[in-house]
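Notes follow the structure.
Heavy atoms only: backbone and side chains are in, while hydrogens, waters and symmetry mates are out.
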Amino acid sequence: MALHFPHAHPPAAGELTEVAPGVFWLRMPLPFQLDHINLWLLRDGDAWVVVDTGFPDEHVRETWSLILDRLDGPVNKLIVTHFHPDHLGLATWLMEKTGASLWMSTGEFLTAHVVWNEVGGHGARFMVEQFRQHGLDAEHLAKFEKRGSGYRKAVPALPDYYHRLMAGDSVVIDGRSWQLMIGHGHAPEHVALYCAELGVLISGDMLLPRISTNISVFAATPQADALRWYLASLDVMAQEIPAETLVLPSHGLPFTGVQERVGDLHAHHEERLRALETSCEQAPKSAAELLDTLFNRQLDTHQTMFAMGEAIAHLNYLEQAGRLSRHCDAEGVIRYTRTGH
């Protein structure tokens with residue numbers, strides 16, 4: 001069964017669209033190929049709850065200021081699904097402007113701080129070494145070294161305090177219970193929110209209608225089976241969320257059809273995994289040598305970062321499933337061979 005999209009068009013810039021009782025959709029621009037993010041405003045009695053912040057640029061701040069001025073009450077909570085800049089980037093600014101408290105998971109809060117400060121295996125120097133081990137050429141490595149930490153540039157400041165969200169918790173908003181669902185693979189402890197009474201799932205980046213969210217392995221956890229974690233998280237959603245639920249994703253249009261979309265994503269990733277197996281059948285290949293297999297298009301520096309992380313995630317999945325074996329050559333480059341060949 002195909003997905004159903006009850007709202008054919010996103011709200012205009014600075015406008016709100018009510019998609020369920022007390023649940024409002026707004027859209028903000030992003031300076032990337034993926035050029036937008038969906039944000040959510042939830043009525044909470046005489047106040048409001050904001051879910052995710054948008055990317056920190058002046059136009060987004062100006063748009064937020066216009067929206068906040070039109071609200072008929074204060075913002076009392078800011079819920080952030082995960083640490084990526086388009087979701088957390090304006091948290092400090094919004095908290096200072098509204099007085100709202102920050103609510104997010106510990107995994108996301110702490111990851112934001114270690115990435116921003118480039119410690120604990122996170123940061124450009126660790127990523128460059130990881131990509132060198134996986135065969136990326138010197139020209140690309142030099143670009144990453146020169147660029148440094150893109151995260152610190154994209155997140156001008158981080159909050160120092162937060163209210164912790166945990167799996168199994170629920171948050172009461174406007175008298176309705178929103179159950180927290182923790183997902184893995186795209187981010188360490190990604191928060192999604194499900195309200196059974198409204199039949200609404202705010203899925204963040206975990207479940208998108210048209211594209212597959214990025215699944216990467218980071219230098220701090222080189223053996224992570226991030227793709228398996230991601231698919232397992234989707235399976236929980238497919239099991240626990242009713243088919244008629246309206247899914248509110250961070251990118252794309254709201255839709256219904258959780259089970260169909262989860263099935264599509266399983267099929268997509270299995271097709272990519274099989275393509276990698278085939279590519280590693282004739283000769284050992286590194287992650288960098290397999291980028292063309294996964295992404296049949298030109299990649300800029302920003303896209304290459306995500307592509308390398310995603311390639312390593314798929315290769316870790318295949319190795320840990322016994323479908324590929326890995327070895328290091330004399331120069332310390334990791335390559336993969338199809339098992340039995």
Side-chain angles (χ1 to χ4, degrees), residues 3-82 84-100 102-103 154 156 171 173-174 176 178 191-195 197-211 213 245-257:
L3 303 185
H4 174 60
F5 296 90
H7 301 274
H9 303 286
E15 298 299 320
L16 302 177
T17 296
E18 190 169 16
V19 295
V23 180
F24 294 83
W25 173 21
L26 61 151
R27 178 170 279 197
M28 295 288 192
L30 292 177
F32 311 117
Q33 185 176 13
L34 181 58
D35 62 3
H36 71 274
I37 181 171
N38 300 323
L39 309 174
W40 313 98
L41 270 167
L42 312 180
R43 183 175 286 283
D44 189 15
D46 295 331
W48 294 86
V49 175
V50 170
V51 181
D52 286 336
T53 73
F55 194 82
D57 67 28
E58 197 54 39
H59 174 67
V60 175
R61 289 186 182 93
E62 290 171 359
T63 303
W64 260 124
S65 294
L66 291 173
I67 291 170
L68 293 171
D69 287 344
R70 295 203 307 266
L71 295 181
D72 58 4
V75 175
N76 61 16
K77 290 185 183 70
L78 170 60
I79 297 176
V80 171
T81 58
H82 61 295
H84 293 161
D86 49 335
H87 299 262
L88 179 64
L90 278 176
T92 300
W93 181 83
L94 277 171
M95 291 166 69
E96 291 173 351
K97 191 170 182 65
T98 66
L102 174 66
W103 296 51
V171 179
I173 301 172
D174 207 29
R176 301 183 180 98
W178 290 78
V191 173
L193 299 104
Y194 171 58
C195 180
E197 182 178 343
L198 290 175
V200 170
L201 171 70
I202 299 177
S203 65
D205 279 351
M206 286 299 294
L207 190 60
L208 305 176
R210 297 299 191 200
I211 60 175
T213 194
T245 300
L246 178 64
V247 181
L248 305 182
S250 291
H251 310 284
L253 299 176
F255 68 97
T256 58

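When side chains are defined from C-beta on, Val75 does not count as touching Leu94, because their heavy atoms never get closer than 4.5 Å. You'll find the side chain of Pro21 reaches within 4.5 Å of the side chain of Leu198, heavy atoms only. Between Ile79 and Leu42 the shortest side-chain heavy-atom distance does not fall below 4.5 Å. Counting only heavy atoms from C-beta outward, the side chains of Leu41 and Leu71 approach each other to under 4.5 Å.
Thr245 meets the side chain to side chain contact (heavy atoms under 4.5 Å, CB included) test with Tyr194, Leu201, Ile241, Pro242; sequence neighbours excluded. Partners of Ser65 under the side chain to side chain contact (heavy atoms under 4.5 Å, CB included) rule, at least two apart in sequence or in another chain, are Trp93, Lys97. Judged as a side chain to side chain contact (heavy atoms under 4.5 Å, CB included), and not counting sequence neighbours, the contacts of Glu197 are Arg176, Cys195. Under the rule for a side chain to side chain contact (heavy atoms under 4.5 Å, CB included), Ala13 has no partner lying at least two apart in sequence or in another chain. Every residue two or more places apart in sequence or in another chain that forms a ring pair (Phe, Tyr, Trp, His ring centres under 6.0 Å) with His87 is listed here: His82. Residues forming a side-chain hydrogen bond (donor to acceptor under 3.5 Å, both in side chains) with Thr63 (at least two apart in sequence, or on another chain): none. Taking the ring pair (Phe, Tyr, Trp, His ring centres under 6.0 Å) definition, one finds that Trp64 meets it with nothing, sequence neighbours left out. For Asp174, there are no side-chain hydrogen bond (donor to acceptor under 3.5 Å, both in side chains) partners at least two apart in sequence or on another chain. Under the rule for a side-chain hydrogen bond (donor to acceptor under 3.5 Å, both in side chains), the partners of Trp48 that lie at least two apart in sequence or sit in another chain are Asp72.
Scanning both residues, Pro85 and Phe55, for their nearest heavy atoms gives CB-CE1, 3.9 Å. Taking both residues in full, the closest heavy atoms of Gly89 and Thr53 are given as N-OG1, 3.4 Å, listed atom of the first, atom of the second, then distance. Listed here is the closest heavy atom pair of Ala8 and Leu253: O-CD1, 3.6 Å. Between Pro254 and Phe5, the shortest heavy-atom distance links the atoms O-CD2, 3.4 Å. For the pair Leu246 and Val19, the tightest heavy-atom approach, listed with the atom from each and the gap, is CD2-O, 3.6 Å. Between Ala20 and Val200, the shortest heavy-atom contact is CB-CG2, 3.7 Å.
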Show me, pair by pair, the donor-acceptor contacts under 3.5 angstrom made by side chains of residues 31-40, not counting sequence neighbours?
residue : atom : partner : partner atom : Å
Gln33   : OE1  : Gln303  : NE2          : 2.4
His36   : NE2  : Arg27   : NH2          : 3.3
His36   : NE2  : Gly252  : N            : 2.9
Asn38   : OD1  : Trp25   : NE1          : 2.9
Asn38   : OD1  : Arg27   : NE           : 3.0
Asn38   : OD1  : Arg27   : NH2          : 3.2
Asn38   : ND2  : Pro249  : O            : 2.9
Asn38   : ND2  : Gly252  : O            : 2.7

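Side-chain atoms of Ser203 do not come within 3.5 Å of backbone N or O of Val247 as any donor-acceptor pair.
Pairs engaging residues 4-21 under the side chain to side chain donor-acceptor pair (under 3.5 Å) rule: none recorded [sequence neighbours left out]. Screening residues 54-64 for salt bridge (charged side-chain N to carboxylate O under 4.0 Å, His left out), with sequence neighbours left out, gives Glu58-Arg61.
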**Request:** Show your reasoning for whether side chain to side chain contact (heavy atoms under 4.5 Å, CB included) applies to Trp103 and Val49.
**Result:** CA-CA 10 Å; Trp103 296 51; Val49 175; over 6 Å; no

**Check against side chain to side chain contact (heavy atoms under 4.5 Å, CB included), Asp86 and His251** = CA-CA 11 Å; Asp86 49 335; His251 310 284; 3.5 Å; yes

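Neither side chain, Asp205 nor Thr213, offers a donor N or O lying under 3.5 Å from an acceptor on the other.
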